[in-house]
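Throughout, residue positions are numbered sequentially from 1 according to the sequence presented.
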Amino acid sequence: MTVRTDLWDVAVEQYGYVTTQDARNLGVAPSELTKLAARGALEHVSQGVYRFPEWPVGANDHLMEAVLWTRDPRAALSHDTALDLYELSKINPDKTHVTIPKREKKLRRADTPPALVVHYQDLDESQIGWWEQIPIVTVATAIDQCIASRVRLDLVLQAIDTARRQGRIDEATAERQRHDVRRPGL
C-alpha cells in the first residue's frame with residue numbers, strides 16, 4: 001500500500017479530509033502531506049488540514065473541516081450550530097461553533113478562521129454523538145450550551161419544546177432547561 005492509499009482510507013471517513021495527525025497515526029511524516037500537495041495529489045486547506053481533490057464537494061464539508069481544523073480529536077460541533085443541524089429551532093448561525101476540551105494554552109485567536117467560533121468545555125463521552133459522520137454534542141448539551149451563551153430566549157425555548165416533542169430530551173431535562181433559561185445571571 002502507498003501513503004496516499006493509507007491516507008485515502010482515513011479521508012473516506014472524513015469527507016475527503018486528512019490531517020497531519022492522521023498522517024502521524026499512520027506512521028507517516030506530516031511532511032509527506034506537503035509533498036503530496038506540491039504534486040497536486042492533495043489540496044492544502046488550512047493549517048494541518050488537507051483534502052483529496054477528487055473527493056466530491058458537499059454541502060457539509062465546512063463542518064468537517066471546522067472540527068478537523070482544531071486539531072483536537074475530542075472536538076465536536078456545538079452551540080448554535082448543533083441546534084441548527086438538529087433542526088430544533090429557527091436559529092440561523094452565521095458562524096460554525098465547535099467545542100474542544102479546556103486547556104491551559106488556548107488556540108490563537110489570530111489563527112482562527114473568521115467563520116469559526118471555538119468554545120472550551122470538558123465534555124463527557126455521553127455528551128457527544130454523531131451527525132452525518134461528524135462529531136456533535138447531544139441535543140441536551142447543545143441546548144444547555146445555548147442557554148449558557150445567552151442565545152435568544154425564544155429560540156432556546158423553541159428548541160426545548162421541539163426536542164421534548166420529538167422525544168430527544170425527557171421531561172425532567174426540558175423542565176430544568178426551561179427553568180435555567182429564565183434564571184437571572186445565567
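- Between the side chains of Q14 and D22, a donor-acceptor pair is found at a separation under 3.5 Å.
- Taking the six-membered ring for Trp and thresholds of 30 and 60 degrees, F52 and W8 have ring planes more than 60 degrees apart, a perpendicular arrangement.
- When all heavy atoms of I136 and Y86 are compared, the closest pair comes out as CG2-OH, 3.3 Å.
- A pairwise comparison of heavy atoms in Q133 and M64 identifies O-CE, 3.4 Å as the closest pair.
- In this structure, the side chain of D72 engages the main chain of R74 through a donor-acceptor pair within 3.5 Å.
- Within the model, atoms CD1 of I91 and CZ of R152 stand 8.5 Å from one another, a figure rounded to the nearest 0.5 Å.
- The OH atom of Y50 lies 13.0 Å from the CD atom of E65; values are rounded to the nearest 0.5 Å.
- A salt bridge is absent between E171 and R165; no separation between the charged side-chain nitrogens and carboxylate oxygens falls under 4.0 Å.
- A donor-acceptor contact under 3.5 angstrom links the side chains of D170 and T173, judged on distance only.
- The nearest pair of heavy atoms linking W55 to A11 is CH2-O, 4.4 Å.
- Partner Q145 forms a side-chain hydrogen bond (donor to acceptor under 3.5 Å, both in side chains) with one of H119, Q127, Q121 and no other, that one being Q121.
- Counting non-hydrogen atoms of other residues, nucleotides and ligands closer than 6.0 Å to NE2 of H179 gives a total of 12 or fewer.
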Inset, instruction - Check the pair R176 / D144 against side-chain contact (heavy atoms from CB on, under 4.5 Å), numbers first and verdict last. - result: CA-CA 10 Å; R176 176 189 55 77; D144 286 337; 3.0 Å; yes
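- Using a cut-off of 4.0 Å between Lys/Arg side-chain N and Asp/Glu carboxylate O, R51 and D61 are scored as salt-bridged.
- With hydrogens and angles left out, the side-chain atoms of T138 and T141 include a donor and acceptor closer than 3.5 Å.
- Taking a 6.0 Å sphere around CD of E87, one finds it holds 12 or fewer heavy atoms contributed by other residues, nucleotides or ligands.
- Inspection of the Q158 and D154 side chains reveals no N or O donor paired with an N or O acceptor under 3.5 Å.
- Minimum heavy-atom separation, H79 to C146: C-SG, 3.5 Å.
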